Every structure is written in structure tokens, then in C-alpha cells.
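Accompanying notes for the structure given below.
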Amino acid sequence: MTTMRALIGREGKVEIVEVAVPEAGAGQVRVKVAAAAVQPVDLFSASGTLPDFKVADPQEAYGLGWDVAGVIDQVGPGVTGFAAGQPVFGLADRLMLPHKVHAEYVILDAGEVAAAPEGISPVEAATLPLNTLTAIQALDLAGLAAGQSLLVTGAAGALGGYLVEIAAARGLRVVGLAGAGDEGAVRGFGAEWFVPRGADLAAAVRAAVPGGVDGVVDAAIVGLAALDSVRGGGAFVAVAAGAAPVPLRGIRVTTVYVRSDAGQLAQVARWAAAGRLALRVAGTYPLEQAADAYARLGAGGLRGRLVLTP
């Protein structure tokens, strides 16, 4: 039996286990992993707290990793449009799998992957799927039209930066909330206005946009202060389970639960290849040093994503 290394979260710790190399079934592809980003959701999975948020059943261990870039090495029955040797990137969006992309090989549904962006490295490509797809889907939920205004909290973060870039590309007028030292970066992403963290958020936003913004995507989980920045009848999009505030003043409050989407991944690949998305790699770690990568992410203060390279 051929085996591989895979990372799991068990009892609040991450550990490498040796498991059988999986086989691609109908409608699936097997990807030899070249790079896989480490995300905050991986910290939650490893901690065992997912059941607390009612998003996963209690398990002895959880497979880890969402974002992946690599090369297809096996194509399952019924799959068209992909071939062995093809570089791809994708998103493993299910939580209760025994092994995910923090491994040497991973099985994904064909609809969860797309051709990798041309001209960028697998490490860079692996930082894209979760945050860009979340940004696209959150903006779709907000439902704003070109010319309308949007507040993005956490606008310098991995998700927030893409929210600003993609919103600006859609013609939205963006207010970015971030640390004072990040103003240059946030404006560079495309924000028209900037509010430093620690300011009276609603007052500052309403000074820039009289009456309040048309919507907010609350990437920093600010909550009520962000809601108070929105005009009556506007839109509020939360990005984490249980983080949505009460829909005061007729504000339409929703939560984005990201899904993998091959069509949207293909669009992300085109944007990345054209240089329209900031590629921010905070550092790389071999798989055997995954515990160090998780600890570094947990310590905070990163701009961009850490990436494991099996």
C-alpha cells in the first residue's frame, strides 16, 4: 500500500500521520500538492472548537487545509476538461473530512478546481482561493451596484484586501477600516476613503459618506459599530458563523459561507495572471514544520498567508 503524510488536528494540536494515498472516484481528481495555505479556519479546526459554532460534529480529529495548488496526477471516471500533469488550484470547502489539502495528495471534486493562474508560482496561487472566493461571494450577497458605497472592515487583511480590490473593480466606492499604518496599502487596493482602527467608526464613516454607506462586509468582525455605519435599509455581510448582528433599521443582514466554485476560481486565475490581485505570501514552511506555521499564524500580526510546501 502506498502511503502519504497528512496533517490532522487532534486535541488542540496538529500532527502528521501516515495514511494511504487516496484514489480519485467518479467526478473527482487527485492533486499532488505543491503548496497549501494556512488559514484561521485551520486553527479553529485544529482546536476542536468547530462544534461550538454548530458547523461540524464532534470528531476525534479533523483534516486540515482549504487552499491548494498543485498538479493533477489522477483523473476519476466521468471527469472532462482535466488531464494528468495539469497545474491547478482549488478549495476544499468541507469541514468534516479525515484528510484535506495539508497533505502530499488530496482528492477534490472536479468542480472544486480550476486551471492554475499563469505566470505565478504554486505558493502564490495557494494563497488565493479561500479569500478571493469569500470576497466574491460576500460582495454578491451585499448586492450593491456600481457607484454605491461599501465599508470593508479589516481592509488590510488577507480577506479584506481582496474585498477592497474586487469591490473597486466592480465600481463600488470603498471605505477601508484598518490600522493607521496600513492606510497606504488599503488605498493602494482601491479604497477611496480610509478610517483608522480606534476611531469612532460610525462617526468617521458618516462624515465621509453622509447618511451612511450602502453596505458593509465585516471582515474584522466589528459587529454593531459597523452596522451603525450603514444607512437604513442597507446591507451587512458577516464573515463568520454567529457574528451577524441584529438587523436594526431594516438593514439586510446575511452571513457568507464560502463554497468552492470552479467558474469563480477561473475568474480569479485570470485576474491573478493579469496582475490585478495582490499576491501576499507571509512565509513558507515544509509540511514537517506545520506546527510552527500554525503557531506563527496564531500569534497574529501577519500580512498575507503562510504556505505549507509538502
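A quick note: this is a predicted structure, and the numbers were derived from the prediction, not measured.
Counting only heavy atoms from C-beta outward, the side chains of Leu201 and Val222 approach each other to under 4.5 Å. Side-chain atoms of Tyr285 and Arg296, non-hydrogen and from C-beta on, do get closer than 4.5 Å to each other. Considering only heavy atoms from C-beta on, Leu150 stays 4.5 Å or farther from Val213 through its side chain. Phe82 places a side-chain heavy atom less than 4.5 Å from the side chain of Val88. For the pair Val38 and Val307, the minimum side-chain heavy-atom distance is 4.5 Å or more.
Between the side chains of Gln137 and Gln264, at least one donor N or O lies within less than 3.5 Å of an accepting N or O. No hydrogens or angles considered: nothing links the side chains of Ser260 and Asp93 as a donor-acceptor pair under 3.5 Å. Side chains of Tyr294 and His102: a donor on one and an acceptor on the other come within 3.5 Å. No donor-acceptor contact under 3.5 angstrom links the side chains of Arg173 and Gln148, judged on distance only.
Linking ILVMFWY side-chain heavy atoms closer than 4.5 Å, directly or via other members, places Ile120 and Ile72 in two distinct hydrophobic clusters. Cluster annotation: Leu302 is not connected to Leu159 through the hydrophobic network of ILVMFWY side chains, with a link wherever side-chain heavy atoms come within less than 4.5 Å. Hydrophobic clustering places Leu151 together with Val246 (ILVMFWY residues linked when any side-chain heavy atoms are closer than 4.5 Å, directly or through intermediates). Cluster membership for Val164 and Leu128, using ILVMFWY side-chain heavy atoms within less than 4.5 angstrom, is shared. Grouping the Ile, Leu, Val, Met, Phe, Trp and Tyr side chains by contacts below 4.5 angstrom, directly or via other members, places Val41 with Leu133.
Under a 3.5 Å cut-off, the side chain of Arg231 and the backbone N or O of Ala235 do not form any donor-acceptor pair. Of the possible donor and acceptor atoms, none in the side chain of Glu183 sits under 3.5 Å from a partner among the backbone N and O of Ala180. Not one N or O on the side chain of Arg5 forms a donor-acceptor pair closer than 3.5 Å with the backbone of Val19. When atom types are taken as modelled, the side chain of Thr49 and the backbone of Asp52 share no donor-acceptor pair closer than 3.5 angstrom. The main-chain N or O of Ala278 is found under 3.5 Å from a side-chain atom of Tyr162 such that the two form a donor-acceptor pair.
Looking at every heavy atom in both residues, Ala244 comes nearest to Val253 through CB-CG1, 3.7 Å. Closest heavy-atom contact between Pro310 and Val33: CG-CG1, 3.7 Å. Contact record, Ile16 with Glu288: CD1-CA, 3.5 Å, taken as the closest heavy-atom pair. In terms of heavy-atom proximity, Leu64 sits nearest to Ala46 at CD2-N, 3.8 Å. Taking every heavy atom of both residues into account, Phe89 and Pro129 meet most closely at CD1-CG, 3.7 Å. The two residues Ala138 and Leu163 have their closest heavy-atom pair at CB-CD2, 4.3 Å.
Note on Asp73 versus Arg30: salt bridge recorded, some NZ/NE/NH1/NH2 to OD/OE distance being below 4.0 Å. Using a cutoff of 4.0 Å between basic side-chain nitrogens and carboxylate oxygens, Arg303 and Asp182 are scored as salt-bridged. The residues Glu192 and Arg187 are annotated as not salt-bridged, no charged nitrogen and carboxylate oxygen being separated by less than 4.0 angstrom. We find that Arg170 and Asp140 are joined by a salt bridge, their nearest charged nitrogen and carboxylate oxygen being less than 4.0 Å apart. One finds a salt bridge joining Glu15 and Arg10 here, because a Lys/Arg side-chain nitrogen approaches an Asp/Glu carboxylate oxygen to under 4.0 Å.
For Glu18, the CD atom sits in a packed shell: over 12 heavy atoms of surrounding residues, nucleotides or ligands are nearer than 6.0 Å. At most 12 heavy atoms of other shown residues, nucleotides or ligands fall within 6.0 angstrom of atom CZ in Phe44.
Between atom CG of residue Asp228 and atom CZ of residue Arg206 there is a gap of 5.5 Å, rounded to the nearest 0.5 Å. The CD1 atom of Ile136 lies 4.5 Å from the CD1 atom of Ile166; values are rounded to the nearest 0.5 Å. Of the inter-residue distances, the one linking Ile107 atom CD1 with Glu112 atom CD reads 11.0 Å to the nearest 0.5 angstrom. Expressed to the nearest 0.5 Å, how far CZ of Arg305 lies from CG of Asp67 amounts to 8.5 Å. If you take CG on Asp109 and CG on Leu91, they are separated by 11.5 Å, rounding to the nearest 0.5 Å. Taken to the nearest 0.5 Å, the CG atom of Leu306 stands 9.0 Å off from the OG1 atom of Thr284.
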field: Steps toward side-chain contact (heavy atoms from CB on, under 4.5 Å) verdict (Leu95, Tyr62)
entry: CA-CA 8 Å; Leu95 284 167; Tyr62 294 91; 5.9 Å; no
task: Go through the steps to decide whether Lys100 and Val68 satisfy the test side-chain contact (heavy atoms from CB on, under 4.5 Å), and finish with yes or no.
output: CA-CA 9 Å; Lys100 295 185 67 180; Val68 65; over 6 Å; no
task: Report the C-alpha distance between Val113 and Leu265 in whole Å, list the side-chain angles of each, state the deciding distance to 0.1 Å, and finish with yes or no for side-chain contact (heavy atoms from CB on, under 4.5 Å).
output: CA-CA 7 Å; Val113 297; Leu265 282 169; 5.6 Å; no
- request: Could you walk me through whether Val237 and Asp218 pass side-chain contact (heavy atoms from CB on, under 4.5 Å), step by step?
  value: CA-CA 6 Å; Val237 181; Asp218 189 19; over 6 Å; no
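Among pairs with a residue in residues 126-136, none fulfils side-chain hydrogen bond (donor to acceptor under 3.5 Å, both in side chains), at least two apart in sequence or across chains.
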